[in-house]
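Only one structure is covered here, and it is reproduced in the block below.
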Amino acid sequence: MNLIIKIGILILFTNGLLAQQGGSILIKNGTVITVTNGVIENADVLVQDGKIKQIGPNLSAGSSTKVVDASGQYVMPGIIDAHSHIGIDAVNEATNPVTAEVFVGDAINPMSISVYRALAGGVTVSHAMHGSANAIGGQCETIKHRFGTWDPEEMKMKGAPRTIKFALGENPMRVHGEGRGIQPKTRMGVEMVFRSSFSEAKRYMEAQKMHQQKMSDKAYKGVPPTYNERLEVLADILRGEIIVHCHSYRADEIYMLLQVLEDFGVKKICFQHVNEGFKVAPELAAYGAGASVFADWWAYKFEVYYSTAYNATILTKNGVLTSINSDSGELIRHLFHEAAKTQRYGELSDEEALKLITINPAKQLGIDNRVGSLEVGKDGDIAIFNHHPLSVYTIPQMTIVDGVVRFDINNDNDDMRLAVDPEEEIPAFFDYQNEKHHDRCMEGVAEQLFQFSSHKH
Amino acid sequence: MKLKIWALCSLVVSLLFLFSSVQSQDEPGEVTRTYALTNVHITTTPGTMIKNGTVVIKDGLIHSVGQDVIIPADAQVIEADTMFLYAGFIDGLSHIGIPKPKEAERKREKDPGNPTNERAGITPEKSATSLLKATDKSISDYRAVGFTAAHTVPYGRMLPGQGSVILLDGDNASDLIYKSDMSTYGQLLGSQGVFPNTIIAVITKYRELYKQSQQASSHMTKYKSNSIGMKRPAYDAATLGLISVTKRQSTLFMSAHDHLDIHRVLGLQKDLGFKMALANVKNAYRLTDLIRTKNIPVLLSLDLFKKEKEKKKKKEKKEKDMWDKEKEALNKRKAEERKSIEGQAAAFSKKGIRFGFSTDGASAKTVMDNVRRLIKAGLSEDAALAALTTYPAHILGVSQTMGTVQNGKIANLVVSKTPIFDEKSKVRYVFVDGNLHEYEEKKKDAKKKEGKVSDKNKAYVGTWEFSINIGDDVLKGEIVITESEDGTLQGEMTGAQLDSTVEIEEITIDGDELSFTADAEGDTISWKGTIDGDSMEGEVNTGPMGTFPITATRTSSPE
């Protein structure tokens, strides 16, 4: 038992060392679901130095390459979750309606066991997001599930576009309006927070530009505008350098944000949750906005009573780039089931359903050139299942990130944590108060406000 | 040339002697400031020992060290026969001498997004010097275990303020100061209820403040050279307070407990480029190679995790259930982790990383035991001594005057009966700035102190055996209450399933009422008892677990 744990740790540690260059692996004789190029029966997938080198029958590799027999199994691209809060030490900086300057990438925690649990559900990439307490929350980080590394920098998917969290509706209204009596108290107020923030950022950019231009004049005695991290980030949104991911439920508000963004020339937007997205699907499609939804989860608060399990299907059929997300350390373990629900509610094809958890979220995160499908040249992020991934009986067998095995059901010991606290005890009961709740969108807010909130998302 | 300098130095020194001897006449209490410790084993620098030597201390300085030293006529001779003498210890980072501020009452902020710098915990301009109190108990507590100087920093959150090097002896705060405002202290700690609250806000705030500070600095330079027609620089204490860091004049000592903290502060340092030292490092053995290549000064925390208590072996169960196996596996991992943490100092040392210690958070009573634990885990005694003396002196920039036992240095010394790192070694004398502090061997039994106890404390002093009744269970333990030199009460509690002896605090007496608090493994318990002769009855509040009745009997008391 102890020896096994030791070996497990050793393997994980070695994997950590491999994280930078990527590993090599040959997966033989599986049913390869490429997502973008159909399904290939009895095919092999060869990953070399972290990248997919070849897909096809009867491939071979050097003797040093690890070979996995996937006969009778299904090989698909690693699942991507466009909305989660795992692997980070802070979710909400709920002290201000606008906190564009904060960045969850500064608080990556590679030891988080949730990352391993996600791997056990075939998920190789997740979008670690700021919470929804503020109208303009913090910047998010796209992480690769390289569980085994100790270095937070190695968890980051280098080169992934920058993203930021916005939030509409009740969360920012409750935290700031109800909680403190400041704007936004109403949905109108939320709109004004966006408009005034963007306007301020524009003035800041103009002042910087003016200063730059006048610098060449020797008689100029001005000083640059005081450096402001928040306005710098907002300016980057206006420059199109950051993708907005907005927490949303109601159709009227979704349409409101589209208008705000249009007024300020912001093109890159993906709505999150979007429970009433089906009502404005044509408008979303026309703007080129994405939608990342729950399969069948709603009615957890007033503004999200009106929804449907057909949401993903309706959005898809209207040409909206749609994904299904977890927003939860529990749901993230079976996103394949969540995707399968669209076949019960809406009769999407296998490919359409699987796109919701692979290439589509990749597009929403701007990383579809590297992940989201099995194609030569893409990252070796692969999930292997014992049945078709949309089958209710399927169980993930192995999850590979950059060609390195990060989860193997045959080497899944009781305690897979990287670190233990030398003083920890096994509690005799489950400590719900101190346990991290699996839904983390509003995490930390109650503590910061000294009041308990029953609403979570 | 050298000769000339020497001559000049001796002149200055002799002039100093002259002044101080004039001064000492004004202090009738003091007979002499000249001491000679004879027949003592002197560790002059880590690894170098003079056996059976003599150290002469004069006017606060080390006057002479060696085997053939002339003892001045006015010297008070201390026969330190076969005792062991070392340079006084230097605490690399602590709050010694600064009273711990009371937790402010948590109020709901109206606009928590825009707090004052004070409320936000961003006060890099605040000086430790201004907060010092010569009578703070921490000074005498740390001195009693051999510390003679400390780098002390304010309490606080993100940027608590500037650190000063102090001597652990003095009648008033200004006597303590050796080097004022010589560093800046930073933590990855947000403020409750206001921005920056979380780690993500703290890190981004460092970036912003740093750049604002650079801007302010350049604005001020321009304004100084030609202010006509130029907007005046704004006055912002926090921005201005950080300028010494952005100009790399002041080292930013960043508190970083574990490997994640270290990655985070190294990230900031890489982005911003300030001069940094890592402080309060507890668990970073995985980063040994990284720290070595970065060549950043390191202070290891002496606030080690509690020692695992040796449990009495229970009767072996014949069959192990699932939970036993899980517990066993976890205990094994925990033991390995403890071993690695205790072995961290040794591992650093073997890789050639030099380090000092910071006592931040650790009680004075435990620090030397913790150093001994590190030695037991493989750290050499020389490296341990260097971490207590020469290396902190080096990174604090006080090597010229502190850290070794050499002529001309400040007389900061510690003398112990047996080698200082021996298990039961006791400090006998401590010199700070040439002032003698003598430590008698503690008498274990309160009874032996009979006659010394003042009348007002007689009813409370002694050994009390107590029982706490928890349902059908009874927890037994012992409290020993003694009277300290200044007439106040102090005490310790053992037993009651505590891992170790804990100090009892906030002792208050009122007629036949005795109450106090104690930190029992993280929970504060409060005791309230009514005394009737040698028996006491009352209750103990254990916080979340509830309040339970107690009875106690005094088994030894002053006559």
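Since we're looking at a predicted model, the values are computed, not measured. Naming: A, B, ... by sequence-line order, numbering from 1 per chain.
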- Message: Does A:Asp415 form a salt bridge (Lys or Arg N to Asp or Glu O under 4.0 Å) with B:Arg333? I'd like the steps, not just the answer.
- Response: CA-CA 10 Å; A:Asp415 186 358; B:Arg333 288 197 70 182; 3.3 Å; yes
For [X], is it the side chain, the backbone, both or neither that has a heavy atom under 4.5 Å from a heavy atom of chain B?
X        : value
A:Asp421 : backbone
A:Val223 : side chain
A:His176 : neither

- Task: Specify which of A:Ile108, A:Val420, A:Asn96 makes the most heavy-atom pairs with chain B at under 4.5 Å.
- Result: A:Val420
- With a 4.5 angstrom heavy-atom cut-off, could you sort out which part of B:Asn283 is near chain A: side chain, backbone, both or neither? neither
- Task: Please flag which part of B:Pro196 lies under 4.5 Å from any non-hydrogen atom of chain A: side chain, backbone, both or neither.
- Result: backbone
For [X] versus [Y], what's the shortest heavy-atom pair and its separation?
X        : Y        : answer
A:Tyr227 : B:Gln215 : N-OE1, 2.9 Å
B:Arg207 : A:Asp106 : NH2-OD1, 2.9 Å
B:Ala201 : A:Val102 : CA-CG1, 3.6 Å
B:Asn226 : A:Lys221 : O-NZ, 2.9 Å
B:Glu337 : A:Pro422 : CG-CD, 3.9 Å

Would you compute the distance between atom [atom1] of [X] and atom [atom2] of [Y] and round it to the nearest 0.5 angstrom?
X        : Y        : atom1 : atom2 : answer
B:Met230 : A:Tyr220 : CE    : OH    : 9.5 Å
B:Asn197 : A:Glu93  : CG    : CD    : 5.0 Å
B:Ile199 : A:Asp89  : CD1   : CG    : 7.5 Å
A:Trp150 : B:Asp258 : CH2   : CG    : 10.0 Å

- Can you list the steps and then say if A:Asp151 with B:Arg286 is a salt bridge (Lys or Arg N to Asp or Glu O under 4.0 Å)? CA-CA 10 Å; A:Asp151 183 350; B:Arg286 292 184 186 88; over 6 Å; no
- Item | Donor-acceptor pair between A:Glu101 and B:Thr204 side chains, under 3.5 angstrom |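 No, because no side-chain N or O of A:Glu101 sits under 3.5 Å from a partner of the opposite role on B:Thr204.
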- Can you find a pair of side-chain heavy atoms, one from B:Leu330 and one from A:Glu424, that are under 4.5 Å apart?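 Yes, close enough: below the 4.5 Å cut-off.
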- Item | Side-chain heavy-atom pair A:Glu153, B:His263 within 4.5 angstrom cut-off | no
- Keeping the roles fixed (side chain from A:Glu232, backbone from B:Glu208), state whether a donor-acceptor pair exists under 3.5 Å.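 Answer holds: no.
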